[in-house]
Number of protein chains: 2
Amino acid sequence: MDDAANALAGTSDTIAGRLALAIHEHRLAPGTKLVEDEVGEVYGVSRTVVRAALQRLAHDRLVTIHRNRGASVSQPSIREAREVFEARALLEPRTARSAVARITAADLRRLAAHIEDEHAALAAGDAGRALRLSGLFHIEIARIADQDTIFGFVTQLVARSSLIIALYWRRRTALCESHAHHALMSALRDQDGARAEEVMKGHLLDLLSSLDLRPPPDGPKTLREVLLP
Amino acid sequence: MDDAANALAGTSDTIAGRLALAIHEHRLAPGTKLVEDEVGEVYGVSRTVVRAALQRLAHDRLVTIHRNRGASVSQPSIREAREVFEARALLEPRTARSAVARITAADLRRLAAHIEDEHAALAAGDAGRALRLSGLFHIEIARIADQDTIFGFVTQLVARSSLIIALYWRRRTALCESHAHHALMSALRDQDGARAEEVMKGHLLDLLSSLDLRPPPDGPKTLREVLLP
DNA sequence: ATGCCAAAAATTGTATACAATTTATCAGGA
DNA sequence: TCCTGATAAATTGTATACAATTTTTGGCAT
């Protein structure tokens, strides 16, 4: 596993990881300004280390930095939203198929536990945690496929998807995706690569089509925001 | 176009970009230690900005940072080399097909000029420049496809490929790839998406198979290098 | 010579200081 | 009231200082 991806997945052992976790769980909303001094005070570190964390997150597109203007949680455009899911649809189905060839009993147990946790979080009404776990499920499959490079891409795309969902997921389609994850599990358990690939592709298309990509996301934008970037 | 990718492509308007350019052109060999003070003195800036540049390049895998040990130009493993080209084979053929749908006359002119430059560099014996131009050709096609997300991935992969070639390209297969680039051009000009996709896939497989991935890359490694990471 | 340990040098990690730039505030005039 | 512009406050960009860590050096015993 990949240190670059760890922070994206939201490990809480680094500033970037903690910020990523907060973004994943939708505690930090898209657009939120991230002032270096404030973040530094919260975590008890100097601007130096906060800056490094923000630049890292910016490189992964979770945060947007404008020169001399500071950082804020990214607000993916409609176009970007579409692209991210298109890229996922290109990478993840094939990755799921690759995972079949390498998956172990331990992996299957971990995935099952994962789905359990997801259910538990949903039952407890903790949508933020459920969403993050749902993303981790995809990341876990990419990890099993054992291709670091593509694993890194998928991790980044899943992280960005969390932001996209925060912005564009209006109609709360019930049952979310637990069904798809179950179907994926079963294909993996049966070592059925073709089915895993197909299920994953369908799942991602479902996700994309459950987004409300038409209207401008939200709120009254500043004129500056509209004209400058 | 993408600011993240610009530095990888080697624009010389930033420290990261200059370092990336040097890596692309094989002036900085894999394994070269990059001491913050030295780099800073060369470019006339303080460690602060050098650090940021190194972290940026590390995130793109052109540079490897070990905590408290500093940064050096990455030495992709054999496995990583294979993965990078596999990822490219997954992304770029489809990208070439997408490019067909959007390509303009101006794009075709630019690509043609690009191939010209490549030839000129080769004729002048400037292999470093030729190599970089060859990479830029692929990046240009991804740019034409007009999918920022995938464009970013391809840019990163091409940059890493440059390192891989530096390490593993022993047998100097003549004519390199100019032929493939010509074939690609002609498919694009004819608006033949299927052919573009096929040519690209073949081209990448050729590249991979022209690498000498068997033996340990080079030189007497320190015991520490072998055991610690 | 060779191996080992302590001291010195070099290098990175983090905090702070100051300069440059942007953003907010507010007085004055149309 | 609403604009305008100057001034002050806030914030980022960069350099420097110091602490923590690693690497090198040089004796000293084997």
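None of these values were measured; they are calculated from a predicted model. Chain letters run A, B, ... following the sequence lines, proteins first and then strands; every chain starts at 1. All values below come from the heavy atoms of this structure, side chains included, with hydrogens, waters and symmetry mates left out.
For the salt bridge (charged side-chain N to carboxylate O under 4.0 Å, His left out) condition, the pairs that include at least one residue of residues 149-165 of chain B, sequence neighbours left out, are B/E80-B/R160.
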Run the side-chain donor-acceptor check on residues 107-115 of chain A: report pairs under 3.5 Å with partners two or more places apart or on a different chain.
from: A/D107; atom 1: OD1; to: A/R110; atom 2: NH2; distance (Å): 3.0
from: A/D107; atom 1: OD1; to: A/R143; atom 2: NH2; distance (Å): 3.2
from: A/D107; atom 1: OD2; to: A/T104; atom 2: N; distance (Å): 3.1
from: A/D107; atom 1: OD2; to: A/T104; atom 2: OG1; distance (Å): 3.1
from: A/R110; atom 1: NE; to: A/E140; atom 2: OE2; distance (Å): 2.9

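At whole-Å resolution of the value, CG in A/L54 and P in D/dT11 are 14 Å apart. Taking atom NZ on B/K33 and atom P on D/dT24, their separation rounds to 9 Å, with Å as the unit. Atom CG of B/D37 and atom P of C/dT12 are 7 Å apart (whole Å). Spacing between atom CD1 of A/I15 and atom C1' of C/dG13 amounts to 14 Å, rounded to whole angstrom units. In this structure, CZ of A/R67 is placed 19 Å from P of D/dT11, rounded to the nearest angstrom. If you measure from atom CD1 of A/I65 to atom C1' of C/dT21, you get 16 Å, rounded to the nearest angstrom. A straight line from CD of A/E36 to C1' of C/dT21 spans 13 Å, rounded to a whole angstrom. Per the geometry, NE2 belonging to B/H66 stands 16 Å off C1' belonging to D/dT23, to the nearest Å.
Considering only residues two or more places apart in sequence or on other chains, A/E86 meets the side chain to side chain donor-acceptor pair (under 3.5 Å) condition with B/Q147. Partners of A/F85 under the ring pair (Phe, Tyr, Trp, His ring centres under 6.0 Å) rule, at least two apart in sequence or in another chain, do not exist in this structure. By the side chain to side chain contact (heavy atoms under 4.5 Å, CB included) test, A/D117 is found to be paired with A/R129, A/L133, residues two or more places apart in sequence or in another chain being considered.
Among the heavy atoms of the strands lying under 4.0 Å from A/R51 is at least one base atom, whether or not backbone atoms are also near.
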When you compare the protein's N or O atoms with those of nucleotides 16-20 of chain C, which come within less than 3.5 Å of each other, and at what distance?
none

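Looking at heavy atoms from C-beta onward, A/I23 lies out of side-chain contact with A/T32 at the 4.5 angstrom threshold.
For the OP1/OP2 pair of C/dT21 and a distance below 4.0 Å, the side-chain nitrogens and oxygens of A/R69 include no atom meeting the criterion.
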